[in-house]
Amino acid sequence: MQSRRRRRIGIAGAVAGLGAAGLGAAVGIRKIAVGRVGLRPDPDAAEPFGSLRGRPLTVLADDGLPLHVEINGDDDAPLTVVFSHGYCLNQDTWHYQRRDLGVDHAGLRMVFWDQRSHGRSGRSKPSHATIDQTGADLYAVLRATVRQGDPVLLVGHSMGGMTIMALADRHPELFGDPSGVVARPGQGAAARVIGVAMANTSSGDLAEMTLGLPLVLAKVVRPLAPGVIRAIGRKAEFVDRTRQAGADLAFMVVRRMGFADKHVSPTMVDFVEQMIRATTIDVIAEFYPTLMGHKAKALEVLGRVPTVVLTGGEDRLTPAAHGRAIAVAIPDTELIEVAGAGHLLPMEYPGIVTAAIRRLIGRANSESQERTA
């Protein structure tokens, strides 16, 4: 009986850890997977993932944590777009947008940053691994990179969209009417947010997701997931060593959980797996509760500016219904649902995401000019 229980918890824990943690608990290394899957042509085999860089800047969060920021474009550009990445990833999630938008929009300035404990940013205190704190971090990035009253467009993927919601909740004065922009004493300049784009973002109740599992199995997994994640977080060093020795399992898990396109580039999957593997298991465990407890907030604030919501019809981590719920709550939102896409829209269907940002730039600029005329 005891061994059966352990086996049941082990199976459920593996599923919960690899899925409910938002890709983060995937274990192993790429090893031979890329070559094995790559028997067919890979159009992205020569894509320089992870090599596109901007001018580095270190921004201190309100708790003193150093946040790694990179800037592409001229400082006197008329519009700045700030990109916030998702859980267990880093700013290189926006590889294609960084590559293509700068070419298409002369005078566009782009700001990319690594969320706390992710990428090149500093390691956060566990108690500060919350969505409310990442919203405060985004405010610090805006203060450091955008002059007071200058227009800015915010783009977020997954947890990055939640970060934007947290910013709107903490600083509603930044959104919409420029007369409402207020720089708090001693806190520097405040930008004027004129548009928002969110991809694969949750409206809340992530703890209820099925991860694409049959409902019966999902009901077994869900109650066990928080305990499993906390347990592996307490054994971080051991688990991280295991992740480094897990052959190509992680590649296949990331391909399954992050993408829906059966012909997705194995080089791209491999790159995403490397980003995830670079996020230590204790960081994954620390952020897990805040993601599971997330509730969509300040949507009425986002409704003050042009907004676009993108969803993947096959997203197992933040199902398309979450994006639809956000779009319903925000008047005049452009909702884009990509039927055959998974959780990593900015990489799996970069052209659709980039085109949506281009349209949003045009719409936001137009409406902003009308308000200030």
Honestly curious: do [X] and [Y] fall in one hydrophobic cluster under the side-chain, below-4.5 Å linking rule?
{"X": "Leu52", "Y": "Phe112", "result": "no"}
{"X": "Leu345", "Y": "Ile352", "result": "yes"}
{"X": "Leu57", "Y": "Leu154", "result": "yes"}

Looking only at side-chain N and O atoms, does [Y] offer a donor or acceptor that is under 3.5 Å from a partner on [X]?
{"X": "Trp113", "Y": "Ser121", "result": "no"}
{"X": "Asn90", "Y": "Gln115", "result": "no"}
{"X": "Asp282", "Y": "Thr280", "result": "yes"}
{"X": "Ser158", "Y": "Asn200", "result": "no"}
{"X": "His322", "Y": "Ser202", "result": "yes"}
{"X": "Arg143", "Y": "Gln148", "result": "no"}
{"X": "Asp315", "Y": "Thr318", "result": "yes"}
{"X": "Asp44", "Y": "Thr267", "result": "no"}
{"X": "Glu70", "Y": "His68", "result": "yes"}
{"X": "His343", "Y": "Glu314", "result": "no"}

Could you tell me whether the side chain of [Y] reaches within less than 4.5 Å of the side chain of [X], counting heavy atoms only?
{"X": "Leu142", "Y": "Val82", "result": "yes"}
{"X": "His294", "Y": "Ser203", "result": "no"}
{"X": "Val254", "Y": "Phe259", "result": "yes"}

So which atom in [X] and which in [Y] form the shortest heavy-atom distance, rounded to 0.1 Å?
{"X": "Leu79", "Y": "Leu153", "answer": "CD1-N, 4.3 Å"}
{"X": "Thr93", "Y": "Met347", "answer": "O-CG, 3.4 Å"}
{"X": "Ser124", "Y": "Ser117", "answer": "N-OG, 2.8 Å"}
{"X": "Ala61", "Y": "Ala140", "answer": "CA-CB, 4.3 Å"}
{"X": "Pro346", "Y": "Tyr96", "answer": "O-CD1, 3.9 Å"}
{"X": "Val59", "Y": "Ala144", "answer": "CG2-CB, 3.6 Å"}

Is it true that [X] and [Y] have a side-chain N and a carboxylate O under 4.0 angstrom from each other?
{"X": "Arg324", "Y": "Glu337", "answer": "yes"}
{"X": "Asp92", "Y": "Arg53", "answer": "yes"}
{"X": "Arg255", "Y": "Asp261", "answer": "no"}

(request) Only one of Arg123, Lys125, Arg116 passes salt bridge (Lys or Arg N to Asp or Glu O under 4.0 Å) with Asp63; say which it is. (result) Arg116

(request) Please determine which of Thr333, Val328, Leu302, Ile336 meets the side-chain contact (heavy atoms from CB on, under 4.5 Å) test together with Val309. (result) Thr333

Do the side chain of [X] and the main chain of [Y] share a donor and acceptor less than 3.5 angstrom apart?
{"X": "Thr163", "Y": "Gly161", "value": "no"}
{"X": "Arg55", "Y": "Gly73", "value": "yes"}
{"X": "Arg192", "Y": "Gly149", "value": "yes"}
{"X": "Asn365", "Y": "Ile361", "value": "yes"}
{"X": "Thr145", "Y": "Val141", "value": "yes"}
{"X": "Thr307", "Y": "Val305", "value": "yes"}
{"X": "Thr354", "Y": "Pro350", "value": "yes"}

(message) Run Val301 and His171 through side chain to side chain contact (heavy atoms under 4.5 Å, CB included) and show every step you take.
(response) CA-CA 9 Å; Val301 176; His171 294 283; over 6 Å; no

(request) Could you tell me if the ring centre of His128 sits under 6.0 Å from that of Phe287? (result) no

(request) Step through it carefully: locate the ring centre of Trp94, locate the ring centre of Phe83, and say whether they are under 6.0 Å apart. (result) yes

(message) Using the rule given for side chain to side chain contact (heavy atoms under 4.5 Å, CB included), can you reason through Leu67 versus Asp114, listing the C-alpha separation, both sets of side-chain angles and the distance that settles it, and then say yes or no?
(response) CA-CA 7 Å; Leu67 302 171; Asp114 291 333; over 6 Å; no

(request) Please lay out, stage by stage, how Glu348 and Val338 fare under the test side chain to side chain contact (heavy atoms under 4.5 Å, CB included). (result) CA-CA 10 Å; Glu348 188 174 16; Val338 186; over 6 Å; no

(request) Would you sort out whether Arg363 and Asp332 count as a salt bridge (charged side-chain N to carboxylate O under 4.0 Å, His left out), showing the intermediate values? (result) CA-CA 12 Å; Arg363 180 184 166 197; Asp332 299 323; 5.3 Å; no

(message) Would Arg98 and Asn72 count as a side-chain hydrogen bond (donor to acceptor under 3.5 Å, both in side chains) here? Give the steps.
(response) CA-CA 8 Å; Arg98 192 196 299 245; Asn72 292 80; 3.0 Å; yes

(request) Go through the steps to decide whether Asp132 and Lys297 satisfy the test salt bridge (charged side-chain N to carboxylate O under 4.0 Å, His left out), and finish with yes or no. (result) CA-CA 11 Å; Asp132 283 344; Lys297 59 176 67 174; 3.1 Å; yes

(request) Compute both the distance and the angle, then confirm whether Arg170 meets the cation-pi test with Tyr139: under 6.0 Å from the six-membered ring centre, within 45 degrees of the axis. (result) no

(message) side chain to side chain contact (heavy atoms under 4.5 Å, CB included) for Asp137 and Gln133? Distances and angles first, verdict last.
(response) CA-CA 6 Å; Asp137 294 346; Gln133 180 63 59; 3.0 Å; yes

